[in-house]
Student: 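There's a structure below that I have some questions on.
From a predicted model like this one, the values you see are computed outputs, not experimental measurements. Naming convention: chains lettered A, B, ... in sequence-line order (proteins, then strands); numbering from 1 in each chain.
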Amino acid sequence: MSPELSAFLRSWSWEPTILVGLGLALGLYTIGWRRLQQRGRGRVGLPAWRAWCFVAGLLTVGVALLSPIGVYGGLFFFLHMTQHVLLILVAAPLLWLGMPLLPWLWALPKGLRHGVGRLLTPRHPVRRLFDRITRPGFALAVHLATVAIWHVPAFYDMAQGRTLVHDVQHVTFFGTALLFWWPVAPPIGRPSLAGGAAILYLVPPMLEGKLLGALITFAPQPLYDTYQLVPRVWDLSVLEDQQLSGIVMWIGGALLFFLAMIVLFLLWFNQEETDTPEVGAPETRAVVR
Amino acid sequence: MPRRILLSLAAGLMMAGLAWPVEAEHGLVPTARQTAGPYDLNVFTEPSPPRAGPVEVSVLVQRAGTTVSVNDARVIVTATPAKESDRASQAIRTEATRAGTTNKLFYAATFRLPAAGRWRMGVAVTGPLGAGAVAFEVEAAETTLLDRPLPIIAGAVLLVVAVVWWRGGSGRKRAARGTPE
């Protein structure tokens, strides 16, 4: 094995804030999931496949941020692109398929659970705000705009390196991805879009990814200053790196959207989304208390 | 697992996270990039530009004119204040190694920069191809609260949780007493 490949495979970032966040998310989910199974006696419990989706989503976040993909993302555009694709198109929908909000709620101490439960009742302003920002039109528009804006070279270059702007970029990518997936795979309750409408909902971001990916792939010169200034550690030119990243976005993104369409179709076909009740529904209110 | 143990564990992990020293992620534009003898040296500082307090200096050592990184090199990092009167008391000399670095291609050293102001940094490399050294100046700024926003964010989150918890508890008590909320 070449020293460069060996160094790549051994380059893991044990960023404590991310590890603590992932650990807390998994710990709370596990406690809540078990309580739901025990106290709900199957009435509001989540099926095991949803728990596995959640675990897979957390693992994907870990791989995207902590593995060599994340560590070398500052040196290679195609790895940074892979990181974003993993967060937006793999981690976000998997986490939401795990329906984590009810288990998290159930993991909380009684007083805190009751307080959060009140925020989520249908007439509470917090719940109304959530209902508004998770409407399909709004969620879709915000996500499309976020992806487009961050690929403008001036903004992309501003965000590179370990800076506050880079953190903002990741938070907005991931945050708007979670918003985007909410109408078709909500973390609680039933999807507001199902069947053909849900599949059509995925078309605009898929087209945006193809368009941006093609523009990046076929650009005759490097688009982003960042990758011209960082040292080259592999025999991959700046332009080749850029072309690879365009292909990751274009082809990789399209394949993942296609896979998501198949999953949504199967969910719709099997009517799986009826397995948990809406927050605010009588049975959920009873469980939250 | 009892809830208290879990909460203590979470709090402990959170505190460890807040106390963690700075850790470089090599994506920044190098602070210095020079050919020194048989080597191309790329030097990064984290934070960039450096600030008074903990600073990590990472060095990528490559064969000059290639992308091949050099293993088994000895890398010494020095920092001396530009102000002559402070040189004797504040000069820093430390070895950068690959132990504990995130990106295993880099050599890194972490030290505490005692004061803001102009500093002269030096990186000296001795390795299988010979020796080389670079020197450059940096302006270290004062550390501000915004350099470590995590405690502020964590504090804000804890405050929100406390308020929601308190309101939830008082809501339940009111409900138990039968008074309208």
Student: Return the CG to OG distance between A/L212 and A/S245, rounded to the nearest 0.5 Å.
Tutor: 11.0 Å

Student: What distance separates B/W119 CH2 from B/T80 OG1, expressed to the nearest 0.5 Å?
Tutor: 7.5 Å

Student: Quick check: under 4.5 Å, non-hydrogen atoms only, which of residues 133-140 of chain B neighbour chain A?
Tutor: none

Student: Could A/R232 and A/D241 be called an ion pair, given the rule that one side-chain N must be under 4.0 Å from one carboxylate O?
Tutor: yes

Student: If you count heavy-atom pairs under 4.5 Å between each of A/P68, A/P3, A/S11 and chain B, which one has the most?
Tutor: A/S11

Student: Ring centroids only, cut at 6.0 angstrom: are A/H80 and A/H166 within range, meaning strictly under it?
Tutor: yes

Student: If the condition is side chain to side chain donor-acceptor pair (under 3.5 Å), which residues does A/T172 pass it with, not counting sequence neighbours?
Tutor: A/W150

Student: Please classify the contact between B/L105 and chain A as side chain, backbone, both or neither, with a heavy-atom cut-off of under 4.5 Å.
Tutor: both

Student: As an exercise: rank B/N71, B/V68, B/T67 by heavy-atom pairs under 4.5 Å with chain A and give me the winner.
Tutor: B/T67

Student: Taking the six-membered ring for Trp, are A/Y72 and A/W234 ring centroids under 6.0 Å apart?
Tutor: yes

Student: Does the ring center of A/F76 lie less than 6.0 Å from the ring center of A/F8?
Tutor: no

Student: Using 4.0 Å as the upper bound for N to carboxylate O, is an ion pair formed by B/E142 and B/R51?
Tutor: no

Student: What residue, out of A/L19, A/D235, A/L119, has the most heavy-atom pairs lying under 4.5 Å from chain B?
Tutor: A/D235

Student: Please state whether the side chain, the backbone, both or neither of B/R98 comes within less than 4.5 Å of a heavy atom of chain A.
Tutor: neither

